[in-house]
Protein chains: 2
Amino acid sequence: MQCNSMHSCNHHGCGIGHTSENHRSCVSSVSIFNHLEDYQMDEIMKAIKSVSYKKGEIIYSAGDKSDSLYIVRRGRIRIYRLSESGKEQIVRILASGDFTGELALFRESIHESFAETMEDTDVCTITRADLQGFLLKYPSISIKILNEFSKRLDAAEKQATSFVTEKVDKRVAMFLLECMDNSSKSMEFELPMSKKDLSSYLGTTPETISRKLTEFEDAGYIRQIANRRIKVLDLEGLQLI
Amino acid sequence: MQCNSMHSCNHHGCGIGHTSENHRSCVSSVSIFNHLEDYQMDEIMKAIKSVSYKKGEIIYSAGDKSDSLYIVRRGRIRIYRLSESGKEQIVRILASGDFTGELALFRESIHESFAETMEDTDVCTITRADLQGFLLKYPSISIKILNEFSKRLDAAEKQATSFVTEKVDKRVAMFLLECMDNSSKSMEFELPMSKKDLSSYLGTTPETISRKLTEFEDAGYIRQIANRRIKVLDLEGLQLI
DNA sequence: CGTTAGGTTGAAGAAGTTCAAAGAAAGTGG
DNA sequence: CCACTTTCTTTGAACTTCTTCAACCTAACG
């Protein structure tokens, strides 16, 4: 427990105090604020609250009233949805510098997804009311957020398209290639999540993921070094799947 | 051809002149601008160009440089993507009052999708440069667009989730229920697109759509009045699929 | 160090796609 | 407005892909 023994923990996790060091790192490390002047950042810092969560805690659930923007300072957060028929699907993984809150931000609304920490995580939060004030005062923030949203929208549509137009083989191969790019094109890398989570993210089952990776290994495209560690042996082969 | 005979038509379709009537209807009918003061709308109108397209024309293609916001004044536009393996998937259908341009709007970028008119269509366009100016000058516009984007993001993620967690039965049933809601809960309605397009939109094939609708009819949930006309006989039955 | 969660493998089955062929609707040009 | 062409829709049947279930194994965690 990271909690100070003087305080009890609420269901959302434990506050870790409001040092300006904490807040500054939120404001200055995140693309939507880090282009601002120092005095503007200082102003925003005053509106920020810092909260810590332990691994596995739920930050918000679908159905919760949403009234804050969450910025990840440390740790990782799994964002997932439940379909009408109750199946879980991982939408994205947030790492430090990323933010979430979604619809949250722009009107009185209700979360459509769940946010759960994958490891011990610190987040900074700004209430919708405060954020709206900053958006009107510093229009460039809106443009940054619009930029981010448009990227995310593109990614979501692309993912939806790949779910229905590509076979699982292809989706897995594309994911591996993306991992490579994210690890500065190194041929060897670590999967950013468990294979169970990966199966949910790619819209399939753990069994199928396991089988496809084995297939790729048998075909000589990759080598599974360890549980989550993968080495690409035949880049072109993967690209052609 | 709607073109004035004095002008030749470019590959994008035919301009139909710049009467302020045309422009006003774009500005005042669309949610991102219609909250503004009259003098502000007048200013925006001056930056708008009006263009008409015939049915089946391509407004933009994936790969095109994108530098404008498009607002639909009349007609309908099909937005679709091509997957890596070349299959088409319809992302959404725009009707009058809707807008597109996407990534387009907030940075020098390239279209990821195709926009094709489904009928004779008039659009209003604003260049990115002009729009950025208005966003900085009237921050409330940004908030409107952010609101719209967050809704669209939610819809895209929801769609992606349903593609991988729901069977085709369920997706078709959900679509029919949505059509009902959009036609003010009337039990009888017209499909908003061909069954071929619908299959693409729902991530399946025309054959499967045809079969599922027949199944629903056999089960007594619906009645297919005409090619695109459907009557819901058992609402609860549909909801429980 | 034991318990729990994640991962693998096989076999059977369900769901949807594909291909082919025929019928219906819509668009085209005289 | 008709006849023609093209595109859309439907139906059958074979086939592919993926999921599901069950059993077992392995890694992570307190």
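Quick note on labels: first sequence line is chain A, next is B, and so on, each numbered from 1.
- Protein atom NZ of K55(A) is 10 Å distant from nucleotide atom C1' of dA5(C), rounded to whole Å.
- We find that CE of M118(B) is positioned 11 Å from P of dC8(D), with the value rounded to whole Å.
- Contact check for K231(B) versus L233(B): side-chain heavy atoms found under the 4.5 Å cut-off.
- Taking atom CZ of R78(A) as the reference point, atom P of dA5(C) lies 13 Å away to the nearest angstrom.
- Among the atoms of the strands shown, base atoms are found under 4.0 Å from some heavy atom of T208(A).
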Check against side chain to side chain donor-acceptor pair (under 3.5 Å), T161(B) and S83(A): CA-CA 7 Å; T161(B) 298; S83(A) 69; over 6 Å; no
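- Residue K196(B) has no polar side-chain atom (N or O) positioned under 4.0 Å from OP1 or OP2 of dA26(C).
- In this structure, CG of D197(B) is placed 14 Å from P of dA26(C), rounded to the nearest angstrom.
- Both R228(B) and Q224(A) lie close to DNA chain C; mapped to their nearest nucleotides by heavy-atom distance, the more 5′-ward contact belongs to Q224(A).
- Of the possible donor and acceptor atoms, one in the side chain of S199(A) sits under 3.5 Å from a partner among the backbone N and O of K196(A).
- Between the side chain of K158(B) and the backbone N or O of E112(A) there is no donor-acceptor pair closer than 3.5 Å.
- Ring planes of H111(B) and Y60(B): parallel class, angle under 30° (limits at 30 and 60°).
- Between the P atom of dC18(D) and the CD atom of E215(A) lies a distance of 9 Å, rounded to the nearest Å.
- The shortest distance between the side-chain N/O atoms of T205(A) and the OP1/OP2 oxygens of dT19(D) is below 4.0 Å.
- Within the 4.0 Å cut-off from OP1 or OP2 of dT7(D), not a single side-chain nitrogen or oxygen of S194(B) is found.
- Counting distance only, with no hydrogens placed and no angle test, the side-chain atoms of E207(B) and the base atoms of dC19(C) include a donor-acceptor pair under 3.5 Å.
- For T214(A) and dT9(C), the shortest distance from a side-chain N or O to OP1 or OP2 is below 4.0 Å.
- OP1 or OP2 of dT20(D) has at least one side-chain nitrogen or oxygen of K87(A) nearer than 4.0 Å.
- Scanning atom types as modelled, one donor and one acceptor separated by under 3.5 angstrom connect the side chain of R211(A) and the base of dG10(C).
- Closest to the side chain of K167(B), out of dA25(C), dG16(C), dC18(D), is dG16(C).
- Protein atom CE of M193(B) is 19 Å distant from nucleotide atom C1' of dA25(C), rounded to whole Å.
- D169(A) comes within 4.0 angstrom of the backbone, heavy atoms only, and of no base.
- In this structure, R152(A) forms a cation-pi arrangement with F99(A), its terminal cationic atom sitting closer than 6.0 Å to the ring centre and no more than 45° off the ring axis.
- Not one side-chain nitrogen or oxygen of K195(A) sits closer than 4.0 Å to the OP1 or OP2 atom of dG7(C).
- Taking atom CZ on R229(B) and atom C1' on dA24(C), their separation rounds to 19 Å, with Å as the unit.
- Comparing N227(A) and K212(A) by the nucleotide of DNA chain D that holds the closest heavy atom to each, the one mapping nearer the 5' end is K212(A).
- Within the 4.0 angstrom heavy-atom criterion, only backbone atoms of the sugar-phosphate kind lie near G203(A); the bases stay farther away.
- Between E88(A) atom CD and dA5(C) atom C1' there is a gap of 14 Å when expressed in whole angstrom units.
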